[in-house]
Amino acid sequence: MEIEKKFPLPPFTEETAKEKVQLAEDAWNSQDPEKVSKAYTVDTEWRNRSQFVNGREEVVSFLTEKWQKEKNYKLRKELWAFTDNKIAVRFEYEYQNAKGAWIRAYGNENWEFNEHGLMQKRYASINDLPIDETERRL
């Protein structure tokens with residue numbers, strides 16, 4: 001059986017940590033739950049706001065539901081800090097809710113990776129801010 005790997009692998013350098021962040025941003029902006037889920041271990045553990053998500057199957061369900069509700073989703077991530085197998089990012093994303101109102105979400109994520117470059121833990125703290133369409137940045 002071939003071991004699943006997601007490059008770059010830890011331990012991270014500044015360059016490889018930035019690459020990992022960009023890959024995550026690109027994947028999430030694809031709004032493809034299956035594609036996004038492949039960056040995580042099969043038993044990944046998430047906290048997203050006050051919701052807990054466990055395993056790839058739940059990740060796919062969570063993201064499918066998320067992007068059904070969050071239209072015109074656009075995300076930007078920025079490396080905040082890193083160590084051997086951990087990365088912290090700050091992010092913001094914008095979307096339209098079911099009523100067509102624009103929202104900007106701000107937050108921080110803490111990521112922990114296994115030796116194969118798959119994210120085993122993701123903890124996200126997120127706050128929403130209603131914005132006018134003229135205030136959009138993304």
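Heads up: numbering here begins at 1 and tracks the sequence.
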| message | Counting C-beta onward and ignoring hydrogens, is there a side-chain heavy-atom pair between Val36 and Trp67 closer than 4.5 Å? | response | yes

Tightest non-hydrogen contact, residues Tyr95 and Tyr73, listed as CB-CA, 4.2 Å

Determine, step by step, whether Lys86 and Phe12 satisfy the side-chain contact (heavy atoms from CB on, under 4.5 Å) criterion, reporting the C-alpha distance in whole Å, the side-chain angles of both residues, the deciding distance to 0.1 Å, and the verdict.
CA-CA 8 Å; Lys86 295 177 182 170; Phe12 297 115; over 6 Å; no

Distance col, row Glu70:CD vs Gln96:CD, nearest 0.5 angstrom, shows 11.5 Å

Are any non-hydrogen side-chain atoms of Asn97 and Lys69 less than 4.5 angstrom apart? no

Minimal heavy-atom distance between Asn29 and Leu75, with the atoms involved, is OD1-N, 2.8 Å

Does the side chain of Tyr123 reach to within under 4.5 Å of the side chain of Asn108, using non-hydrogen atoms?
no

### Task
Apply the test side-chain contact (heavy atoms from CB on, under 4.5 Å) to residues Trp102 and Asn72: give CA-CA distance (whole Å), side-chain angles for both, the deciding distance (0.1 Å), then the verdict.
CA-CA 9 Å; Trp102 282 97; Asn72 298 306; 3.6 Å; yes

Do Trp80 and Trp111 have ring centres separated by under 6.0 Å? no

Between Phe91 and Ile103, is there shared hydrophobic-cluster membership here, with clusters defined by ILVMFWY side-chain heavy atoms closer than 4.5 Å? yes

Would you check if the side chain of Thr44 reaches a backbone N or O of Thr41 as a donor-acceptor pair within less than 3.5 Å?
no

The complete set of salt bridge (Lys or Arg N to Asp or Glu O under 4.0 Å) pairs with one or both residues in residues 21-33, sequence neighbours excluded, reads Glu25-Arg76

Taken to the nearest 0.5 Å, the spacing of Lys66 NZ from Gln51 CD works out to 10.0 Å

So the side-chain hydrogen bond (donor to acceptor under 3.5 Å, both in side chains) pairs with at least one residue in residues 7-21 (sequence neighbours excluded) are Thr13-Thr16, Glu14-Lys18

- prompt: Side chains of Gln120 and Asn114: is there a donor and an acceptor less than 3.5 Å apart?
  reply: no

Working for side-chain contact (heavy atoms from CB on, under 4.5 Å), residues Glu115 and Leu9
CA-CA 7 Å; Glu115 66 274 15; Leu9 306 177; over 6 Å; no

Rounded to the nearest 0.5 angstrom, the CZ-CG distance for Phe113 and Asp84 is 13.0 Å

Any side-chain to backbone donor/acceptor pair from Ser61 onto Glu58? Under 3.5 Å, distance only. no

Ionic contact status for Arg90 with Glu78, cut-off 4.0 Å: yes

Proximity of Trp28 and Tyr93 rings by center, below 6.0 Å: no

Rounding to 0.5 Å, atoms NZ (Lys121) and CD (Glu45) come to a distance of 5.0 Å

Are there over 12 heavy-atom neighbours, none belonging to Glu57, within less than 6.0 Å of that residue's CD? no

Please tabulate, one pair per line, all N/O donor-acceptor pairs under 3.5 Å involving side-chain atoms of residues 126-138, not counting sequence neighbours.
from	atom 1	to	atom 2	distance (Å)
Asp128	OD1	Arg49	NH2	3.0
Asp128	OD2	Arg49	NH1	3.1
Asp132	OD2	Thr134	N	3.0
Asp132	OD2	Thr134	OG1	2.7
Glu135	OE1	Asp132	N	2.6
Arg136	NH2	Leu138	O	3.1
Arg137	NH2	Glu92	OE1	2.5
Arg137	NH2	Glu92	OE2	3.4
Arg137	NH2	Tyr106	OH	3.4

Correct closest heavy-atom pair for Lys6 and Leu118 would be CB-CD2, 3.7 Å

*asked:* Are Glu4 and His116 packed together at the side-chain level, in the sense that at least one heavy-atom pair is separated by less than 4.5 angstrom?
replied: no

- Task: Using atom types as modelled and distance alone, determine if a side-chain donor or acceptor of Arg47 lies under 3.5 Å from a backbone N or O of Arg122.
- Result: no

*With the 4.5 Å side-chain cut-off for hydrophobic clustering, are Val60 and Val53 part of the same group?*
no

Is there side-chain contact between Lys38 and Arg56, with at least one heavy-atom pair below 4.5 Å? yes

Quick one, Phe7 and Leu23 - any side-chain contact, counting heavy atoms below 4.5 Å? no

